[in-house]
Amino acid sequence: MRLINGQLYIKILFFGTALAGKTTTLNWVYQNVIPNSMKKTSEIKSINTSFGQTMLFDFVPIKISDNINFRFFTATGQDYYAGTRKLLFQEVDGVFYVVDSQKAELEHNKEFVDEFYQHVNTYFKSLKDISVVVLFNKQDLEDIYKASFLKKELALDKFPSYETSAVTGKNLKLAFSRMIKICLRRVSSNQLYKTII
Ligand SMILES: Nc1nc2c(ncn2[C@@H]2O[C@H](COP(=O)(O)OP(=O)(O)OP(=O)(O)O)[C@@H](O)[C@H]2O)c(=O)[nH]1
Ligand SMILES: [Mg+2]
């Protein structure tokens, strides 16, 4: 959370394996959930590889009140650019942890959970310092695991979670409002917020 010229900025990162659906989820939410009145730009800024995957990040800001702004980033899932994930993790307030629910991705997902905890340990004293919402994505496909299995297998059962599809939009509105609510609750108890009200 940062306070600049009386404006509070809250940083939310989409984190998860390559092709899990981070960019598609952010795009769906931006098009279908966020009201136009909150949008500061008409489109999401992306730095992609020539194959269309995220190379560095996607970024879009929104303004939800006179002095509260959210900034959404997606991290690349590609291992070649893993260093940029660590950089993007700095100063996050919230993480949408995007899991590719396809059975074939289970081992890959386990490696990513380990990396997630490494970043948490690098930048935070405790997991309680960030808000995490888990999206068990690609639930529209066949040959997937359900959330009840993945939560336990990936040790992600301590966070609020949703079974989602970034293609149909299943549960994305709910997941998004949950994140905003959790972050705003934290904001209201933060010292920085007290200086702007
Ligand atoms: N069927 C289905 N396809 C999805 C879903 N989410 C994403 N995809 C597809 O999966 C592919 C990768 O999606 P992206 O959103 O680019 O994945 P990403 O997590 O941003 O990947 P990186 O940027 O490489 O880390 C695209 O072809 C999407 O259309 C989903 O919920 N269901
Ligand atoms: Mg992406």
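Whatever order the structure lists ligands and atoms in, that order sets their numbers, starting from 1. Source: prediction; values computed, not measured.
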Go ahead and list the nitrogen or oxygen contacts between ligand 1 and the protein that come in under 3.5 Å, distances to 0.1 Å, or just say none.
| residue | atom | partner | partner atom | Å |
| --- | --- | --- | --- | --- |
| ligand 1 | 1 (N) | D140 | OD2 | 2.8 |
| ligand 1 | 6 (N) | N137 | ND2 | 3.1 |
| ligand 1 | 13 (O) | T24 | OG1 | 3.4 |
| ligand 1 | 15 (O) | T23 | N | 3.3 |
| ligand 1 | 15 (O) | T24 | N | 2.8 |
| ligand 1 | 15 (O) | T24 | OG1 | 2.5 |
| ligand 1 | 17 (O) | G21 | N | 3.2 |
| ligand 1 | 19 (O) | A20 | N | 3.2 |
| ligand 1 | 19 (O) | G21 | N | 2.9 |
| ligand 1 | 19 (O) | K22 | N | 2.9 |
| ligand 1 | 19 (O) | K22 | NZ | 2.7 |
| ligand 1 | 20 (O) | T23 | N | 3.0 |
| ligand 1 | 20 (O) | T23 | OG1 | 2.9 |
| ligand 1 | 21 (O) | L19 | N | 2.9 |
| ligand 1 | 23 (O) | T54 | N | 3.0 |
| ligand 1 | 23 (O) | T54 | OG1 | 2.8 |
| ligand 1 | 24 (O) | Q53 | NE2 | 2.6 |
| ligand 1 | 25 (O) | K22 | NZ | 2.8 |
| ligand 1 | 25 (O) | G77 | N | 2.6 |
| ligand 1 | 31 (O) | N137 | OD1 | 3.2 |
| ligand 1 | 31 (O) | N137 | ND2 | 3.4 |
| ligand 1 | 31 (O) | K138 | N | 3.3 |
| ligand 1 | 31 (O) | D140 | OD1 | 3.4 |
| ligand 1 | 31 (O) | A166 | N | 2.8 |
| ligand 1 | 32 (N) | D140 | OD1 | 2.7 |
| ligand 1 | 32 (N) | D140 | OD2 | 3.4 |

Is there a donor-acceptor contact under 3.5 Å from the side chain of T76 to the main chain of T54?
-> yes

Kindly determine whether Y97 and F159 satisfy ring-ring contact (aromatic ring centres under 6.0 Å, His included), including the steps that lead there.
-> CA-CA 10 Å; Y97 193 110; F159 307 114; 8.1 Å; no

Could you list the donor-acceptor pairs under 3.5 angstrom formed by side chains in residues 123-130, with sequence neighbours left out?
| residue | atom | partner | partner atom | Å |
| --- | --- | --- | --- | --- |
| Y123 | OH | K86 | O | 2.9 |
| S126 | OG | K128 | N | 2.8 |
| D129 | OD2 | K125 | N | 3.4 |
| D129 | OD2 | S126 | N | 3.2 |

Determine whether more than 12 heavy atoms belonging to other residues, nucleotides or ligands lie under 6.0 Å from atom CG of D66.
-> no

Any residue meeting salt bridge (Lys or Arg N to Asp or Glu O under 4.0 Å) with D79, in chain and number order, not counting sequence neighbours = R85

With a cut-off of 6.0 Å (strictly less than), are more than 12 heavy atoms of other residues, nucleotides or ligands near NZ of K181?
-> no

Near the Mg ion (ligand 2), which protein N/O/S atoms fall under 2.8 Å?
-> T23 OG1, T54 OG1

Do Y145 and F136 have ring centres separated by under 6.0 Å?
-> no

Indicate yes or no: does K138 engage D100 in a salt bridge with an N to O separation below 4.0 Å.
-> yes

Are more than 12 heavy atoms from other residues, nucleotides or ligands located less than 6.0 Å from atom NZ of K152?
-> no

